[in-house]
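Values below: all heavy atoms of this structure, side chains included; hydrogens, waters and symmetry mates excluded. Here is how names work: the chains are called A, B, and so on, in the same order as the sequence lines, proteins then strands, and each is numbered from 1.
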Amino acid sequence: MAVIKPSLAKGTRDFSPAEMEKRNHIFNTVKSVFVKYGYREIQTPSFENLQTLTGKYGDEGDKLIFKILNSGDYLAKAPAELLEARASGPLIPYITERALRYDLTVPFARYVVMHQHELTLPFKRFQIQPVWRADRPQRGRYREFYQCDVDVVGSDSLLNEAEFVLIYHEALTKLGLRDFSIKLNNRKLLAGIAEILGKPELIVDMTVAIDKLDKIGLEGVNNELLARGFTTQDLQQLAPIIKLEGPNAAKIEQLKQVLQPSAIGLAGIGELETVLGYVEKLSAGTDLLNRFVEVDITLARGLNYYTGCIFEVKTNEVAMGSIGGGGRYDDLTGMFGLKGITGVGISFGADRIYDVLEELGLFPQSTAQSTQVLITNFDKLAELYALPLLQKLRAAGVATELYPAAAKLKKQLAYADNKSIPYVVLVGEEEIAASQFSLKDMRTGEQWKLNEAELCARLS
RNA sequence: GUGGGUAUAGCUCAGUUGGUUAGAGCACUAGAUUGUGGUUCUAGGGGUCGUCGGUUCGAGCCCGAUUAUCCACCCCA
């Protein structure tokens with residue numbers, strides 16, 4: 001057989017033991033916060049029926065769904081004329097029926113609909129699993145990456161939104177981040193602005209354009225707006241809104257003035273005020289609200305199912321895309337035939353958070369620890385002598401390993417050193433004769449002779 | 001999908017206007033040290049210079065194509 005040069009599929013990564021320890025540090029941290037706020041974990045399959053996923057993410061998103069080729073003679077059912085014409089797009093439904101999940105929200109919506117009779121509403125769930133996108137990889141963008149989603153369905157209370165602000169703050173702070181912004185906006189408010197301009201149908205074009213403000217500046221936004229069907233008069237009306245600055249309360253006051261004629265716009269403002277009010281009460285005595293929460297009218301977010309509040313989190317310490325986002329969607333399950341169920345949720349981008357923590361050196365030293373004790377192995381006799389100790393230490397809950405073959409001590413100590421094992425137990429003729437063990441502390445180099453009971457007491 | 005950069009040892013990279021046998025650091029193996037790691041010293045293994053073609057007496061270096069990869073845009077976490 002020809003030897004294939006080993007390589008990774010584009011946009012994927014291996015995770016070494018050290019990397020897994022760091023990744024688990026992130027997962028465990030966010031998980032502990034989710035649980036504290038009353039969320040329970042679920043998992044859904046890696047792949048779904050293709051029709052479950054298509055049409056939920058817009059045309060751009062649909063293109064990025066990894067589709068799974070049907071098994072067997074997958075071309076048999078394809079119409080000859082489509083094959084003849086090499087019409088890839090129209091062929092898709094004939095050759096693929098399943099696809100890898102693109103996010104965790106849509107599978108969750110399917111889950112809610114399928115399990116609606118078992119669920120007690122409001123249902124609060126979190127989910128930490130990989131998702132796949134056929135995107136072109138670059139910095140902070142992978143084809144396989146993990147999302148940590150928390151959502152609640154069946155509750156329209158804005159307390160949920162406020163708690164998500166607290167969850168973001170608590171989890172990211174626990175991970176060591178010190179300077180990040182939790183940006184808040186509301187789709188209704190954006191709809192109100194489009195309404196006042198007399199172009200409610202262009203709300204998506206408008207939000208996509210003003211979303212780019214920090215990247216291309218006001219002039220760039222204006223050019224884009226013109227290209228998307230807005231007039232110079234619209235731009236004059238929009239300019240003061242886009243350029244809003246100052247504390248959140250001041251922004252809200254100004255928006256109230258501007259949005260006076262729009263009922264939906266005022267509703268959006270009202271929701272923002274309520275959320276901020278809850279956050280204030282829930283973070284009394286801290287600087288959370290002033291330092292981390294920012295009302296940002298230019299925050300758009302692409303997913304078109306959002307209908308109310310929207311969130312996005314960015315770190316200010318490293319150049320990186322958003323590390324989290326989410327929002328409220330009034331009718332997500334409607335696509336699966338269940339009307340009137342509202343949901344709101346957020347997501348943490350674990351892989352980007354990893355890259356940020358790595359760049360800032362924020363991973364704790366202790367995540368790298370695994371084995372606590374290594375027992376050396378010189379020969380068969382010493383190995384036999386050591387086995388009962390191995391059993392006792394493990395029974396006492398101490399992560400212990402016996403070097404699996406007789407080898408030079410130098411090599412065994414180098415193994416312990418490389419694996420950051422803090423203690424080594426040396427077993428040789430001398431120790432066996434005296435019914436003892438030599439315990440070596442690898443950090444200080446100190447060494448003691450102890451019997452089995454003393455050793456176990458010392459290590460456990 | 002659009003545009004740009006890069007490709008030399010396991011990893012990070014040098015390599016002169018094109019000129020003998022292509023280098024360094026790290027990593028690895030062994031020895032200095034027969035039962036003591038990290039530091040140090042010594043030695044060693046490891047390369048079809050991404051691939052194919054062209055120019056040339058001669059190509060790691062110049063030209064073309066191709067593949068891979070990274071970055072930016074689009075979009076997103």
### Query
Do any N or O atoms from the side chain of Lys199(A) and from the backbone of Phe230(A) form a donor-acceptor pair under 3.5 angstrom?
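Answer holds: no.
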Please classify the nucleic acid contact of [X] as base, sugar-phosphate, or nothing, using heavy-atom distances under 4.0 Å.
{"X": "Val208(A)", "answer": "sugar-phosphate"}
{"X": "Glu60(A)", "answer": "nothing"}
{"X": "Ser347(A)", "answer": "nothing"}
{"X": "Gly140(A)", "answer": "base"}
{"X": "Lys212(A)", "answer": "sugar-phosphate"}
{"X": "Asp351(A)", "answer": "nothing"}
{"X": "Lys10(A)", "answer": "sugar-phosphate"}
{"X": "Phe348(A)", "answer": "nothing"}

Rounded to whole Å, please give me the gap between [atom1] in [X] and [atom2] in [N].
{"X": "Arg141(A)", "N": "C70(B)", "atom1": "CZ", "atom2": "P", "value": "12 Å"}
{"X": "Gln138(A)", "N": "A68(B)", "atom1": "CD", "atom2": "C1'", "value": "17 Å"}
{"X": "Tyr415(A)", "N": "G38(B)", "atom1": "OH", "atom2": "C1'", "value": "17 Å"}
{"X": "Asp62(A)", "N": "G1(B)", "atom1": "CG", "atom2": "C1'", "value": "15 Å"}
{"X": "Ile216(A)", "N": "C75(B)", "atom1": "CD1", "atom2": "C1'", "value": "14 Å"}
{"X": "Arg143(A)", "N": "A77(B)", "atom1": "CZ", "atom2": "C1'", "value": "16 Å"}
{"X": "Ile353(A)", "N": "A77(B)", "atom1": "CD1", "atom2": "P", "value": "13 Å"}
{"X": "Lys63(A)", "N": "C76(B)", "atom1": "NZ", "atom2": "P", "value": "13 Å"}

### Query
When you match Ser322(A) and Ala9(A) each to their closest nucleotide on RNA chain B, which lands nearer the 5' end?
Ala9(A)
### Query
Closest nucleotide of RNA chain B for Arg352(A) versus for Gly11(A): which of these residues is on the 5' side?
Gly11(A)
With [atom1] as the reference atom in both, quote the distance from [N] to [M] in angstrom, rounded to an integer.
{"N": "G64(B)", "M": "C74(B)", "atom1": "P", "value": "30 Å"}
{"N": "C62(B)", "M": "U21(B)", "atom1": "C1'", "value": "24 Å"}
{"N": "G15(B)", "M": "U8(B)", "atom1": "C1'", "value": "9 Å"}
{"N": "C57(B)", "M": "U48(B)", "atom1": "P", "value": "29 Å"}

Between [Y] and [X], does any NZ, NE, NH1 or NH2 come within less than 4.0 Å of an OD or OE carboxylate oxygen?
{"X": "Arg228(A)", "Y": "Glu224(A)", "answer": "yes"}
{"X": "Asp135(A)", "Y": "Arg143(A)", "answer": "no"}
{"X": "Arg328(A)", "Y": "Glu161(A)", "answer": "yes"}
{"X": "Glu452(A)", "Y": "Lys392(A)", "answer": "yes"}

#### Entry: Side-chain H-bond candidate by donor/acceptor type, Glu19(A) with Ser16(A), under 3.5 Å
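The criterion, which ignores hydrogens and geometry beyond distance, is satisfied for Ser16(A) and Glu19(A).
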### Task
Examine Tyr385(A) together with Phe437(A) and report whether their ring centres are nearer than 6.0 Å.
yes
### Message
Is the distance between the ring centroids of Tyr146(A) and Phe27(A) under 6.0 Å?
### Response
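Ring-ring flag for Phe27(A)/Tyr146(A): true, centres closer than 6.0 Å.
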### Task
Among Tyr39(A), Phe126(A), Tyr168(A), find the residue that satisfies the ring-ring contact (aromatic ring centres under 6.0 Å, His included) test when tested with Phe34(A).
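Testing Phe34(A) for a ring-ring contact (aromatic ring centres under 6.0 Å, His included) against Tyr39(A), Phe126(A), Tyr168(A) leaves exactly one candidate, Phe126(A).
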What is the base-pairing partner of [N], counting Watson-Crick and G-U wobble geometry with both distances under 3.5 Å?
{"N": "C41(B)", "answer": "G31(B)"}
{"N": "G18(B)", "answer": "none"}
{"N": "U66(B)", "answer": "G50(B)"}
{"N": "G1(B)", "answer": "C73(B)"}

### Message
For a quick check, with a 4.0 angstrom heavy-atom cut-off, what is the B/S/- contact string for nucleotides 30-37 of chain B, read 5' to 3'?
### Response
-S---BBB
